[in-house]
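Following: one structure in structure tokens, then a few remarks.
These values consider heavy atoms only, across backbone and side chains, with no hydrogens, waters or symmetry-generated copies. The sequence lines fix the lettering, A, B, ..., with proteins before strands; numbering per chain opens at 1. The shown structure was predicted, so the numbers you read here are calculated from the model rather than taken from an experiment.
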Amino acid sequence: MVKVTLPDGAEKSFLDDVTVKEVAFDVGEGLGKSALAGKTNGVLVDLDFPIKEDVSLSVVTENSKEGLDILRHSTAHIMAMAVGHLFPDAKFGIGPTIENGFYYDFDLKEAITQDDLARIEEEMARIIKDDIPVYREEMGIADSVKFMGEAGQPYKVELIKGLEENGEAVSFYKQGDFVDLCRGPHVQSTGRVKAFKLLSIAGAYWRGKETNPMLQRIYGTAFPTKKELNKYLECLKEAEKRDHRKIGKDLDLFSFHEEGGPGLAFWHPKGAFIRNIIETFWRKEHYQRGYEIVYSPHIAKLDLWKTSGHWGFYRESMFPPIEIDEQEYLLKPMNCPFAALMYKTKLRSYRDLPMRWAELGTVYRYERSGVLHGLLRVRGFTQDDAHIYCTPSQLQDEIIKVIEFAQDMLNAFGFKEYEVELSVRGKGEEEKYIGEDKVWEMAESSLYNALKDKNIDFVRMEGEAKFYGPAIDIKVKDAIGRAWQGPTIQLDFNLPERFGLYYIENDGEKHKVIMIHRTVLGTMERFIGCLIEHYAGNFPVWLAPVQVKVLPITDAHNDFVFEIKERLESNDVRVECDTRNLKTGNKIRDGILEKIPYLLIVGDKEKEQGTVSVRSLKDGDEGSVGLSVFIERIKEEIEKKE
RNA sequence: GCUGCUGUGGCUCAGGGGCAGAGCACGUCCUUGGUAAGGACGAGGUCAUGGGUUCAAAUCCCAUCAGCAGCUCCA
């Protein structure tokens, strides 16, 4: 007999070799039917896993994250099987689950097309309809290598060889004529998959290495029911509508030009207006928090970049030199060397520190062509940069202040979700980094303590530190869940060294200054790109380039409309009028499509009573109110940044 | 940079070796209207660029440029 402990603490006894599935059915018919796998003592196992000793068991159903992953992983196998049928020479790579689905990589002679996806889906549907049983098998490493070698699967052979040190046997899952190396668990038969969809095709390097061959990757997803699948596909469509590139065009915010060059953004008046509001807010916040604002040039002599180390370490990301008067100049990819030069113009005392110099600095980087993406990855951008010079004893406090600042900024723009990473040195590769061990340890623990102090969840990224210092990075997500680095706090041991940046301590001695690079938004381009997707273009009133549009019912009300416009403008409200010769419904529709927060409709009634009929983007028709009442309301909203 | 796909009026897109299309937007006129599209007429395109095949190329082929998806990269 074996004793099985269930998640609710209940204990049940069964005959030896009882399977997970049998236990699940014993607990309840419903659980048995929705079961996909089990978890014995925390390890995922198949439904037909025989229980041989006392265990704690939880039944994994398709409604849990783990269950969904199993379902998707099995769907990936079905897809691979289908691809194998349609392309008999296919060599299989890997096929894992990912956040919202799965993929599988194939090495094929011919390129897969969109039409092929439909064919593959059909074949998958057939495999599912045939309800082919799925079996697990274990095999020794040597036999596995031989088996996959004979099957003409070099990638699998490579994978198995990589597993060698972990044990003597590897597991395979077999369904009909398809066998795949896999840890499992899997569904018991292919018919268990009820709703799937293949989404896209892309290239992907084998094992993610640029020097490896490029395989063809097919992305897909699966859900327990058709309804959930459709809901997900609907969400994808909705997310597409939030795409900042589309909204930027629709709302006339910015553009890119073939004639201008890839990755170079042109800000139209309305986009520039939003940017200007953000920059004004940014300046005010900086002055309030003890920063001073500086400006520096866009280009500088090549020698400066040799001194800073950029020419050595960063050259391939820089635009090539420009020759002027037999001197070579470079467009700046970063602002820091300029901050260093300015620091050096005076002898600094510990009494001067901390010094916080902020700069909206426009930089240019030669990003590889394939990585450009709307405003989110560009070649010319403006960092909301700052360089803080401080003493070691001030470091901790300064980091905490920057974290608070970044959080306040993200909050001001309604970003509630973001990921925080602490990038530190990799173990055993200390020589890759500049600076003494002692200093690194102090710096890493300062960043760590600051995050702890602010009670922030973060992921520790070993080996992700820059060569010149550790960092805290904050990542914001776009409409379809891709994470983009925004605010960053980087400690720098390199520039103070290279430029000889020091201060006089109270002992009268020179000490090396600590330099912090930081941004609290990231860059104007990326931040506003994310902001557009975050609000789906429906900007809160304080950010909306046009806050109010006044619509006359007929042109007999135009005078009243202009009067209202003046009243609003004298109260610093940004307002436009729509006196076009169109019906009211038509003008309202256009106003909504322009995502204007407030439309004020005025006709005879309003003119007589001195009121406006308010239609908000958020709540629709709100009825008439006195003009001064409306003005107070919108002023308050702007003030509160709602 | 790599793999695949795409490029037709301001926008969204159809067409696919034989005279360049639609809707929206734009202009003029009619219409003076009450909370998401009133009507008529009109103007607007060397079909991304360069080369090739062909009697004939927007259409087929090659290259280049730009964009999209993903990979890689991201001081």
Query raised in the report: Between A/Leu551 and A/Val602, is any pair of side-chain heavy atoms under 4.5 Å apart?
Result: no
Report task. Report yes if at least one side-chain N or O of A/His257 is closer than 4.0 Å to OP1 or OP2 of B/rG67; otherwise report no. Result -> no
**Report entry** Integer-rounded Å distance: B/rC73 C1' and A/His373 NE2
**Finding:** 16 Å
Report summary line: Dot-bracket assigned to RNA chain B with the 3.5 Å Watson-Crick/G-U criterion, [ ] for crossing and | for other-strand pairs, is (((((((..((((....[..)))).(((((.......))))).....(((((..]....))))))))))))....
Report task. Considering just the side-chain nitrogens and oxygens of A/Arg615, establish if one lies under 4.0 Å of OP1 or OP2 belonging to B/rA36. Result -> yes
**Report entry** Short side-chain N/O contact from A/Arg580 to OP1 or OP2 of B/rC26, under 4.0 Å
**Finding:** yes
Report task. For B/rC73 and B/rC2, measure between their C1' atoms and round to the nearest Å. Result -> 11 Å
Query raised in the report: Any idea which of B/rG34, B/rC11, B/rG1 is nearest the A/Lys249 side chain?
Result: B/rC11
Query raised in the report: Taking CD from A/Glu594 and P from B/rA36, how many angstroms apart are they, rounded to a whole number?
Result: 16 Å
Query raised in the report: NA contact type, A/Glu606, heavy-atom cut-off 4.0 Å: base, sugar-phosphate, or nothing?
Result: base
Query - Side chain of A/Ser200 (C-beta onward), nearest among B/rG67, B/rG38, B/rA69 - result: B/rA69
Query raised in the report: Rounded to the nearest Å, what distance is computed from the CG atom of residue A/Leu198 to the P atom of nucleotide B/rG70?
Result: 16 Å
**Report entry** P spacing across the pair B/rC41 / B/rA22, given as an integer number of angstrom
**Finding:** 13 Å
Query raised in the report: Could a donor-acceptor pair under 3.5 angstrom be found where the side chain of A/Glu367 meets the base of B/rG1?
Result: no
Report task. Would you mind reporting whether A/Val424 and A/Leu422 have side-chain heavy atoms less than 4.5 Å apart? Result -> yes
Query raised in the report: Taking the side chain of A/Thr584 as its heavy atoms from C-beta onward, which of B/rG38, B/rA69, B/rG33 lies nearest to it?
Result: B/rG33
Query raised in the report: Is A/Gly370 touching bases, backbone alone, or none of the nucleic acid, heavy atoms closer than 4.0 Å?
Result: base
Report task. Would you kindly give the CD1-to-C1' distance between A/Ile94 and B/rC71, to the nearest whole Å? Result -> 12 Å
Query - Verdict with reasoning, A/Tyr205 to A/Arg207, per side-chain hydrogen bond (donor to acceptor under 3.5 Å, both in side chains) - result: CA-CA 6 Å; A/Tyr205 299 111; A/Arg207 298 199 135 182; over 6 Å; no
Query raised in the report: Relative to the ring of A/Tyr104, is the ring of A/Phe106 parallel (under 30°), tilted (30 to 60°) or perpendicular (over 60°)?
Result: parallel
Query raised in the report: Where the side chain of A/Ile553 is concerned, which of B/rC65, B/rG70, B/rG33 is the nearest nucleotide?
Result: B/rG33
Report summary line: Residues pairing under side-chain hydrogen bond (donor to acceptor under 3.5 Å, both in side chains) where one sits in residues 582-591 of chain A, two or more places apart or in two chains, turn out to be A/Arg580-A/Asp590
Report task. Answer with base, sugar-phosphate or nothing: what part of the nucleic acid does A/Arg315 contact at a heavy-atom distance below 4.0 Å? Result -> nothing
Report summary line: Winner on side-chain proximity to A/Arg245, out of B/rG4, B/rG70, B/rC68, is B/rC68
Query raised in the report: If the C1' atom of B/rU46 is compared with that of B/rG7, how far apart are they to the nearest Å?
Result: 16 Å
Query raised in the report: What is the ring orientation for A/Tyr389 with A/Tyr343, classed by angle as parallel under 30°, tilted 30 to 60°, or perpendicular over 60°?
Result: tilted
Query raised in the report: Mind checking whether A/Phe313 and A/Phe467 have ring centres under 6.0 Å apart?
Result: yes
Query raised in the report: Between the base of B/rU72 and the side chain of A/Arg368, is there any donor-acceptor pair under 3.5 Å?
Result: yes
Query raised in the report: For RNA chain B, whose closest nucleotide is more 5', that of A/Ile112 or that of A/Gly585?
Result: A/Ile112
Requested in this report: Report the relative orientation of the aromatic rings in A/Phe630 and A/Tyr598; use parallel for angles under 30°, tilted for 30 to 60°, perpendicular for over 60°.
Outcome: perpendicular
Query - Minimum-distance nucleotide (side-chain atoms of A/Ala202 versus B/rG70, B/rU72, B/rC65) - result: B/rG70
Query raised in the report: Taking the same atom, C1', in B/rA40 and in B/rC61, what whole-Å distance lies between them?
Result: 47 Å
Query - Closest nucleotide among B/rC71, B/rG34, B/rA66 to the A/Met214 side chain - result: B/rC71
Query raised in the report: Among B/rU72, B/rU32, B/rA36, which is the nearest nucleotide to the side chain of A/Arg589?
Result: B/rA36
Report task. Name the nucleic acid region contacted by A/Tyr103, choosing base, sugar-phosphate or nothing; use a 4.0 angstrom heavy-atom cut-off, strictly under. Result -> nothing
Query raised in the report: Starting at the 5' end of RNA chain B and moving along, which residue's nearest nucleotide shows up first, A/Ile588 or A/Asp555?
Result: A/Asp555
Requested in this report: Please work out if A/Arg482 contacts a base, only the sugar-phosphate, or nothing of the nucleic acid, heavy-atom cut-off 4.0 Å.
Outcome: sugar-phosphate
Query - Heavy-atom side-chain proximity of A/Arg119 to A/Leu86 below 4.5 angstrom - result: yes
**Report entry** Under 3.5 Å donor-acceptor pair, A/Tyr205 side-chain atoms to B/rG1 base atoms
**Finding:** yes
Requested in this report: Write down the distance separating the P atoms in B/rA58 and B/rG17, rounded off to the nearest Å.
Outcome: 13 Å
Report task. Provide, to the nearest angstrom, the distance between the CZ atom belonging to A/Phe256 and the C1' atom belonging to B/rC68. Result -> 14 Å
**Report entry** Over 12 non-hydrogen atoms of neighbours within 6.0 angstrom of NZ in A/Lys595
**Finding:** yes
Requested in this report: Write down the distance between CG (A/Asp243) and P (B/rA69), rounded to a whole number of angstrom.
Outcome: 7 Å
Query raised in the report: Looking across every strand, which nucleic acid part, if any, lies under 4.0 Å from A/Asn494 by heavy atom: base, sugar-phosphate, or nothing?
Result: nothing
**Report entry** Spacing of the P atoms in B/rG18 and B/rG44 (rounded, Å)
**Finding:** 25 Å
Requested in this report: Select base, sugar-phosphate, or nothing to describe what A/Gly603 touches, counting heavy atoms under 4.0 Å on all strands.
Outcome: base
Query raised in the report: Can you tell me how far P in B/rC13 sits from the matching atom in B/rC68, rounded to whole Å?
Result: 14 Å
Report task. Confirm from the modelled atom types if A/Asn581 and B/rG33 form a donor-acceptor pair under 3.5 Å, side chain to base only. Result -> yes
Query raised in the report: Rounding to the closest angstrom, what is the interatomic distance between B/rG50 and B/rU12 at atom C1'?
Result: 29 Å
